[in-house]
Amino acid sequence: MSAAGTGVVVVGGGQAGFSVVQALRGAGYEGPVTVFADEPRLPYQRPPLSKKAHTEPEGPDVDLVPESFYRERDIDLRLGEYVAALDTAACAVTTGSGERVPYEHLVLATGARNRPLPVPGAELAGIHALRSLDDALTIGRALTTARDVVVVGGGFIGLELAQVARASGARVTVVELADRLLSRAVSPQLQEHLRERHERDGIRILTGTAVERIEGKGGQVHQVVTGQGPLPADLVVYGIGATPRDELAREAGLAVDDGVIVDEQLRSVSDPRVFAVGDCARHPHPHADGLIRLESVQNAIDQGALVGRRIAGGAAGPYESLPWFWSDQGPVKLQIAGLRASTDEVRVVPGDSDTPERLAAYAFRDERLVAVETLNWPAEHLAARRLLQQDTPVSPTDLAGSTLGALARARRTKEVRA
Amino acid sequence: MPIVIFELPDGTQRKVTADSGTVLMQAAVSNGVDGIVAECGGNASCATCHIYVDERHGERVGPPNDVEDEMLDFTAAERRPTSRLSCQVQVSDALDGLVVHIPEEQV
């Protein structure tokens with residue numbers, strides 16, 4: 001204990017790290033707070049990066065908050081500085097420039113990195129993945145001249161980028177190794193629906209198709225060779241998943257298994273002075289069997305806020321926030337509330353004739369609603385979140401011939417009357 | 001540029017300059033106003049930027065759009081006749097001096 005310094009050190013300047021410091025100061029924490037953010041720019045929102053073509057450097061609109069926020073709250077925001085090593089015995093981190101910074105509490109909010117494309121030719125010019133604002137700018141600028149775009153990976157990022165590329169007028173092909181789009185992320189019913197929707201917009205989709213290699217001309221990408229033949233390409237973007245940035249924890253001897261392993265308080269199971277939040281944390285959750293790792297804005301915000309409040313000494317129970325997620329794929333706004341398992345029973349309800357673009361897929365486990373996927377129906381998504389957070393279960397009978405919106409309104413009225 | 005006043009649940013006020021052509025949510029977030037969460041970044045997806053327009057100013061702001069109207073039934077804090085999602089309120093010079101109230105809960 002005597003080795004401990006004072007204050008909180010947060011490693012990572014993304015949504016999760018920001019959420020930690022916002023909650024710390026919001027809950028009245030008065031000790032020193034230092035954030036190491038390896039990008040040389042104020043922490044910013046990532047979701048907008050894949051929803052439109054970014055051709056000019058973004059202004060302050062994408063910043064999570066302005067610089068004054070950190071200054072007024074006495075938060076030492078170290079932009080462009082990374083943490084190179086962690087010494088848990090001495091309770092100190094060492095930065096890339098060799099500075100040693102002691103801590104009383106350490107929060108790892110290091111995020112995730114894109115899986116590299118494991119094929120010959122992946123080093124050619126014109127092949128990009130998206131994670132940072134710089135990546136978004138590179139892709140956005142390439143799209144101003146690209147005519148044939150190949151998107152490798154039919155996940156959320158891939159489908160969002162496919163629609164962005166289509167909107168800039170390019171011919172777009174999505175190549176997905178699995179037999180379905182979004183194979184683990186959404187129910188099979190929704191996978192089919194989304195495929196049709198994207199194909200209707202002129203996006204060609206090849207599932208069950210491997211990329212074998214990428215070929216170039218003069219160092220620039222020229223074609224993508226797939227199991228179904230070659231595809232011309234002057235731009236390739238890939239989104240084939242991400243891996244947690246957990247090496248700092250691993251090298252320090254903390255328990256790591258595809259993410260820093262934490263308990264229900266989001267503390268490292270190896271060291272009570274170390275927390276992990278956001279994409280890099282593998283944690284228990286009341287809605288899941290075993291440990292899970294979630295890559296979402298909701299998870300980053302809620303986990304960061306919980307740890308910030310806990311360190312500040314405020315009330316904070318175990319982490320049990322309802323997971324929710326969204327993906328804007330061109331004209332389709334996909335939202336998910338709750339955690340669906342592949343064995344759940346799914347019932348699909350389309351919108352009525354006034355709202356044909358809507359769709360909801362309700363997942364039941366043991367006759368109890370556990371997750372809801374919606375297309376272009378934010379009100380039903382919000383109703384799902386309200387109902388899934390309450391103790392009263394929703395059964396298939398409750399929902400028969402109705403919507404969660406109607407059910408939530410009815411239950412709210414009942415509460416008020418009671 | 002219009003000045004907008006955000007009143008927090010505890011009664012404290014934050015006076016901020018909003019940029020015409022942006023949305024009210026952006027003015028709150030850019031100025032670090034507590035209580036406007038805006039998890040989805042302004043996409044009318046999450047209803048965490050809920051506000052109550054001051055009753056004296058309701059007509060200047062106008063009614064919610066259809067999608068917003070439906071979403072307002074499921075905000076964390078109770079819906080009132082003056083409820084709006086601040087990501088759907090366009091800022092213009094006509095809003096100068098506007099007072100909006102921030103609810104107790106957003107999430």
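By convention in this document, chain letters (A, B, ...) are assigned in the order of the sequence lines, proteins followed by strands, and residues within each chain are numbered from 1. Values below: all heavy atoms of this structure, side chains included; hydrogens, waters and symmetry mates excluded.
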Does B:D66 CG have over 12 foreign heavy atoms under 6.0 Å away?
no

With a 4.5 angstrom heavy-atom cut-off, could you sort out which part of A:N376 is near chain B: side chain, backbone, both or neither?
neither

Which portion of A:P66 sits near chain B, non-hydrogen atoms under 4.5 angstrom:
both

Chain B contact via A:V297 - side chain, backbone, both or neither, heavy atoms under 4.5 Å:
side chain

If you count heavy-atom pairs under 4.5 Å with chain B, which of A:G26, A:A408, A:G405 comes out on top?
A:G405

Per-pair distances, 0.1 Å, donor-acceptor, side chain in residues 36-46 of chain B, under 3.5 Å, sequence neighbours excluded:
residue	atom	partner	partner atom	Å
B:N43	ND2	B:C40	O	3.2
B:S45	OG	A:K333	NZ	2.8
B:S45	OG	B:N43	O	3.4

Hey, are the side chains of B:F74 and A:R412 touching, using non-hydrogen atoms and a 4.5 Å cut-off?
no

Can you tell me if B:E55 has over 12 outside heavy atoms packed within less than 6.0 Å of its CD?
no

Return yes when atom CD of B:Q13 has more than 12 non-hydrogen atoms of other residues, nucleotides or ligands closer than 6.0 Å, and no otherwise.
yes

The reported gap from CD in A:E380 to CD in B:E70 (rounded to nearest 0.5 angstrom) is 8.5 Å

With chain A as the partner, which of B:D69, B:V67, B:T75, B:D34 has the greatest number of non-hydrogen pairs under 4.5 Å?
B:T75

Between B:T22, B:V29, B:T48, B:L72, who has the most heavy-atom pairs with chain A when the cutoff is under 4.5 Å?
B:V29

